[in-house]
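Contents: one structure, followed by commentary.
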Amino acid sequence: MRIIQSESTADAISAVTTILMDKVNSHPSSVIGLATGRTMEPVYAQLVQKEANFQKSFFFMLDEYMGLPSNHPSSFKQYIKDHLLNPLKLNESQIAFPPVDKTDAGEYYEKILVEAGRVDVQLLGIGQNGHIGFNEPGSTKESRTRIVQLTEETRKANQSHFGEGEMPREALSMGISTILSAKSLVMLATGKSKADAIKYLLNHHDDPSCPATYLKSHPHFTLVLDPDAASKINLNI
Ligand code: F6R
């Protein structure tokens with residue numbers, strides 16, 4: 001596990017965009033797993049600003065809410081169109097979205113992931129409760145893409161995206177084992193609200209109550225922290 005403890009949030013964001021840009025510059029047809037959420041917004045803004053060359057890349061979304069029309073403004077599909085696809089003029093055929101309308105959605109997504117070969121770089125955020133993707137506490141290390149129930153904590157954290165509307169109770173998420181199949185993992189955590197989860201992550205291993213701890217067994221896991229997210233740890237580096 002490699003930890004990049006940045007001196008500012010801007011540096012943390014640049015560290016992540018540099019990893020992605022280096023990857024696509026050396027391997028233009030890389031397969032990249034995309035996360036959504038507030039943490040990733042400045043990452044995508046910077047990739048757009050730097051005109052990242054993703055023309056030959058292929059993308060997999062990490063997760064999606066169940067039960068929303070695909071053009072719902074709070075769907076992750078709409079998020080990635082707004083933040084990355086449209087600004088960079090990428091083609092929708094370059095990205096796989098979790099097939100939330102299919103009955104065998106999980107199996108189908110796993111099949112197309114296998115057909116595409118391994119994900120080269122999987123981008124990840126972290127929930128305040130240690131979730132990754134929507135693998136909530138209690139998820140197993142062997143889990144694959146499936147429909148998951150969102151915890152009340154996660155629903156509360158994301159309710160603001162839905163205004164007065166009801167926040168979904170379920171999502172389709174790549175599983176832990178699916179995420180661990182990627183060749184490399186890059187997690188970005190910014191802000192004080194992530195400090196407890198990061199402290200827990202660094203002090204525990206393979207702990208189902210904090211699914212992010214499963215990532216520590218991956219041989220190429222990079223954790224990028226801003227000063228607030230790192231404020232409860234002491235790495236002495
Ligand atoms: C989003 C996702 C989630 C978020 C996490 C943090 O695709 O998979 O795991 O990364 O909930 O969300 P933010 O960045 O909004 O704090």
Side-chain angles (χ1 to χ4, degrees), residues 9 12-13 16-17 20 32-46 59-66 68 70 72-85 95-98 100 106 109 113 119 121-139 143-163 167-180 182 185-198 200-201 210-215 221-226 228-230:
T9 306
I13 288 152
V16 173
T17 60
L20 288 172
I32 299 169
L34 298 174
T36 62
R38 287 182 204 91
T39 312
M40 294 302 156
E41 287 177 16
V43 171
Y44 296 135
Q46 192 169 99
F59 303 94
F60 278 91
M61 295 295 286
L62 181 60
D63 45 14
E64 179 60 280
Y65 291 118
M66 296 293 292
L68 295 182
S70 67
H72 190 286
S74 304
S75 72
F76 292 160
K77 183 172 190 176
Q78 194 58 46
Y79 170 110
I80 212 68
K81 278 186 181 179
D82 292 344
H83 292 281
L84 197 68
L85 285 196
I95 185 161
F97 296 100
V100 286
Y109 209 48
L113 270 159
V119 168
V121 184
Q122 176 65 55
L123 205 50
L124 297 161
I126 182 169
Q128 292 172 34
N129 62 2
H131 72 217
I132 48 167
F134 275 135
N135 294 282
E136 298 279 34
S139 299
S143 54
R144 306 294 303 191
T145 306
R146 68 211 183 286
I147 295 172
V148 293
Q149 310 293 317
L150 301 176
T151 62
E152 281 312 307
E153 190 179 0
T154 297
R155 294 186 70 232
K156 214 167 135 193
N158 291 356
Q159 176 62 53
S160 60
H161 297 298
F162 290 84
M167 157 91 197
R169 293 177 183 278
E170 290 183 333
L172 188 70
S173 178
M174 281 190 199
I176 303 288
S177 163
T178 319
I179 292 168
L180 287 172
L185 308 175
V186 178
M187 173 182 278
L188 172 64
T190 55
K192 277 207 163 16
S193 66
K194 303 296 169 68
D196 285 324
I198 294 301
Y200 197 94
L201 162 62
C210 177
T213 59
Y214 292 130
L215 305 184
F221 171 37
T222 303
L223 175 62
V224 183
L225 304 172
D226 81 345
D228 280 343

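Just so you know, ligand 1 is whichever comes first in the structure, and atom 1 is the first atom listed for that ligand. The chain is numbered in sequence order, starting from 1.
Contact annotation: Lys194 has at least one heavy atom less than 4.0 Å from an atom of ligand 1.
Some N or O of Thr39 is nearer than 3.5 Å to an N or O of ligand 1, by distance alone. Considering backbone and side-chain atoms alike, Asn158 places every N or O at 3.5 Å or more from each N or O of ligand 1.
Looking only at protein heavy atoms, the nearest one to atom 3 (C) of ligand 1 is Gly133 O, 3.5 Å. Here the heavy atom of the protein found nearest to atom 15 (O) of ligand 1 is Arg38 N, 2.9 Å. Summary of contacts: the protein heavy atom closest to atom 11 (O) of ligand 1 is His131 NE2, 2.7 Å. The protein non-hydrogen atom at the shortest distance from atom 10 (O) of ligand 1 is Gly125 CA, 3.4 Å. Given atom 8 (O) of ligand 1, the protein heavy atom at minimum distance is Asp63 OD2, 2.6 Å. Protein heavy atom nearest atom 1 (C) of ligand 1, with residue, atom name and distance: Thr36 OG1, 3.1 Å.
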* Dump the intermediate steps for side-chain hydrogen bond (donor to acceptor under 3.5 Å, both in side chains) on Tyr214 and Asn135, then the final yes or no. => CA-CA 11 Å; Tyr214 292 130; Asn135 294 282; over 6 Å; no
* To do: Kindly determine whether Gln78 and His72 satisfy side chain to side chain contact (heavy atoms under 4.5 Å, CB included), including the steps that lead there.
  => CA-CA 7 Å; Gln78 194 58 46; His72 190 286; over 6 Å; no
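Between His131 and Glu153, the closest side-chain pair of non-hydrogen atoms is not below 4.5 Å. A heavy-atom distance below 4.5 Å is not found between the side chains of Arg144 and Tyr109. Within the 4.5 Å cutoff, the side chain of Ile32 has no heavy atoms near those of the Leu123 side chain.
Side-chain rings of Phe76 and His161 stay apart, their centers remaining 6.0 Å or farther from each other.
Heavy-atom proximity to atom 6 (C) of ligand 1, evaluated over Asn129, Thr154, Leu150, Ile126, is greatest for Ile126.
Taking a cut-off of under 4.0 Å to the non-hydrogen atoms of Leu62, the atoms of ligand 1 that pass are 8 (O). Each of the atoms 7 (O) of ligand 1 lies under 4.0 Å from some heavy atom of Ala35. Within ligand 1, counting atoms from 1 as listed, the ones closer than 4.0 Å to a heavy atom of Gly37 are 14 (O), 15 (O).
Side-chain contact check for Thr190 and Asp226: no donor-acceptor pair (N or O, by modelled atom type) lies under 3.5 Å.
Between Ala229 and Ala189, the shortest heavy-atom contact is CB-O, 3.3 Å.
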Cut-off 3.5 Å, no hydrogens considered: what does the side-chain donor-acceptor table look like for residues 34-42, sequence neighbours left out?
unit_1 : atom_1 : unit_2 : atom_2 : d
Arg38  : NH2    : Ala157 : O      : 3.3
Arg38  : NH2    : Ser160 : OG     : 2.8

